[in-house]
Structure formats: C-alpha cells, structure tokens
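Below: one structure, written as structure tokens.
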Amino acid sequence: MDVNHLREQFPALAQTLGDYPLCYLDTAATSQKPKQVLDAINHYYQQDNANVHRAAHQLSSRATVNYEAVRDDVRDFINAGQREEIIFTHGTTEGINMIAHGLTAQIDPGATILVDTAAHHANLVPWQMLALRTGATVVPIPLDSHCRIDLQAYAQLLQQHPAIVALSHVSNALGTVNPVTQMAAQAKAVGAITVIDGAQAIAHLTVDVQAIDCDFYLFSGHKMYGPTGVGILYGKYAQLDRLTPLLTGGEMIKSVTFEATEFNILPNRLEAGTPPISGVIGLGAAIKFINQLDKAAMVKRENELLTYLQQRLLALGDITLYGAHDDNIGAVAFNLADEHHQDVGILLDQQGIAVRCGHHCAMPLMQSLNIKGCCRASIGVYTNVEDIDRFIDGLISVKELLL
Ligand code: PMP
C-alpha cells in the first residue's frame, strides 16, 4: 500500500498552516475525507438533489435508488443479516439515544445497566437518562491497572442479571480494544441486551455484527472517511422492532388520522423526517474507498505506525502513556511531565501539528486515571512515518520550551 499515493486523495492534507505543512494526528475526532467522498456529495447536490421516497419525478427516484443502495453497502460492510437492520441516523450519539429512549418501556425500576468505565459520554449519558426515567441503576464495569476491562469483575456483575450491557468496541481516549464478542456472549447468556459503540472501531477493524452477535452496533460516517451528520444504528430486526421511535413524524408512518397513527415497518419506522441524504451518499463513497484498500495490509501498517509512535514517545522521556500500549489501535494518550495538556496541544498546533487535548468525552476514565485530561495522537489510513517524526520533533521543542 503506497501511503503517499493515498494521501494525494485527501485534499485537506496538502495544506500548510503558517510555515508548516499540516500534520494531522486527530483522526479519532474526525477523519479527513478522500476526494471520492467529496465528489459523491457534490454530484448528489449538483445532479440528483431531491427528497427521497416521496416524489414521482426522476430526480427523486435517482436520489432514492442511490440512498437505498447505501443501505445494502452498509449491510455488506458490517455483515448484517438483512438490509432492514440498517438504520440511517445522524451519528453514533443519536443512535444510542434512539436505543435508550426506545427501550424505556422495557426497563423495570430495579434493572441494572452495565457500562464500561472508559465509555464515551455518548454511551453513558443516554443510559443515565434512561435510568432516571425508569428507576434503573447504571453500574460501571471496572478497568484493570492497564485500563482494560476487568473481565473477572464483569463476570461477577453479570450475576446481577443486567438488562443492558453497553460497551465500547474501541476506547476513543486510549485506543483499547475490548473483547466484545466474548463479552456479548456472556451478556446474552444472562439475558442482557448488548449495545456496542463502534465509533472508533469501524475505520480500523473489520466489523462483523453477526460474528459479534450483539443486539445493537453503532458508528458515525465522519470517523471512517465519510461526512459528518450521518451514522448507522444496526440492530437485530426483533430488537429494532421493539424500540419505541424517538422521532415521530413524516416517513415513519403507515397511516395517520387525527385519532391514531400506525407506524411504518423497519427501516422507515426509525427514520422520521428527511434523512441526511447527502451524508448517506457520502458514506456510501467512504465504504467504497475503504473496500478498495487491502484491509489486512492497512491494519498491519496502522499497528506498526502506532507501535513506532509509542516507542518514540517513550524514548523522549518525561512522557506518561495511558492504557495498555501493546494491542491498542488508532490512538495513543499521553501527558508531558506535569504540563497542562492544553498547553502542549497549543504549542504543537503552532508547528502545524493537530492533536486532541482534554478529557476526550470520557470523564469517568480520566477520574479513574486521576488526571483532568491528556493529549491524544490518533492515526488513519493516510498517516505516514513523516507525520510521526514531525510530531516527535514538535514535542521535543515543546519539551525544551516548557521543561
Ligand atoms: N463514541 C465514541 C467512542 C466516539 O469516539 C465518539 C466521537 N468522538 C462518539 C461515540 C460520538 O460520535 P458522534 O459525535 O459522531 O455522534
């Protein structure tokens, strides 16, 4: 895989910031977009722009055909059983809220909801809100000293027969990969509904929802080289069918009178209103982009890059790395001595180096690490060795300035 050829497909990467070429190490927050995604969105607006499903005219039927074709592409991409199990959303956050809202009537006051301690707030706060509505209790699944899920503690918690187990496939803050297939099987054995946040996994791993055998799996287009404003809620048909729709209105109905409304069948039942059409078209192009790559070679190269990044970071001295750093993917979290992560981020930015600094929407994880925040460098398919070397050189000058 020729990474430099690949980089040419990402127009944003060619820019300079002041005197510095952009060094983009914030892919976990959002990935850059290849030209074919930008072109597909442009094409939709320039040629096919029309609302889907509604009109008899040709533009609308073209838009509808292209929009619905992406449902099949997503089905194939994550190996879902059927196309009706793919619900277009505006992102992971919306999808988890749809589930948490939709399950309200199924949750008893004494129910337990297990959530992994490193979960993104998007996979925690909706469960807290569900607990407030129902009288259920949210219980954290503890981490071990390497910030991996403590599987012994998890097995014990499962003895409480939780109603829901909500996990991240990959932690956005640390890049830790959770053994979701095994954990979902254990949860299923005690009757729990399993929800897996795949926002950070989808661009780096091959995801097979039938092999994981989870009830729900979620991700966002913008973290997999697609546009913002679109995401996927995958659910097993029977589970999706039991969700009370969060949004009601046009598109999701079969018939409406002033007395009563009959909802449509899946997937329309959970797609009220005008969907993110251009986003879905862009997501389809992103899937095609990923499918063109040699996925095994990509995973191997990303893992080698991350190992190189971690080794160089550790060799710098005065660096604390967080989490396990032998099997994480996509991201590395660190602090420089006692320096504030925000200062480090700003000084790197002055050299054209983009990293993320803060609590990474994982405040309980930061609390368990006993820190307020940290810096995170994250990589994507276009990251090269020069990016890592630039980043390390940048950090050396930050260190000289601050320490
Ligand atoms: N979960 C994880 C693990 C994430 O990294 C993110 C995005 N930072 C989200 C959920 C939320 O995704 P979105 O903002 O696209 O809804």
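Just follow the structure's listing: the first ligand is 1, and inside any ligand the first atom is 1. This is a predicted model, so every value here is computed, not measured.
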One line per pair, note the atom names and distance for all nitrogen or oxygen contacts under 3.5 Å between ligand 1 and the protein.
from	atom 1	to	atom 2	distance (Å)
ligand 1	1 (N)	D197	OD1	3.3
ligand 1	1 (N)	D197	OD2	2.5
ligand 1	5 (O)	Q200	NE2	2.7
ligand 1	8 (N)	H120	NE2	3.2
ligand 1	8 (N)	K223	NZ	2.7
ligand 1	15 (O)	S220	OG	2.7
ligand 1	15 (O)	H222	NE2	2.8
ligand 1	16 (O)	T92	N	3.4
ligand 1	16 (O)	T93	N	2.9
ligand 1	16 (O)	T93	OG1	2.6

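- With hydrogens and angles left out, the side-chain atoms of T27 and Y382 include a donor and acceptor closer than 3.5 Å.
- The list of side-chain hydrogen bond (donor to acceptor under 3.5 Å, both in side chains) pairs with a residue in residues 329-350, not counting sequence neighbours, reads Y322-N335.
- In the model, Y217 has a side-chain atom that pairs as donor or acceptor with a side-chain atom of H169 under 3.5 Å.
- Looking at every heavy atom in both residues, M366 comes nearest to H360 through CE-CD2, 4.1 Å.
- The only member of V177, V299, T176 that meets side chain to side chain contact (heavy atoms under 4.5 Å, CB included) when paired with I329 is V177.
- Only one option out of I281, V280, V70 pairs with V230 in a side chain to side chain contact (heavy atoms under 4.5 Å, CB included); it is V280.
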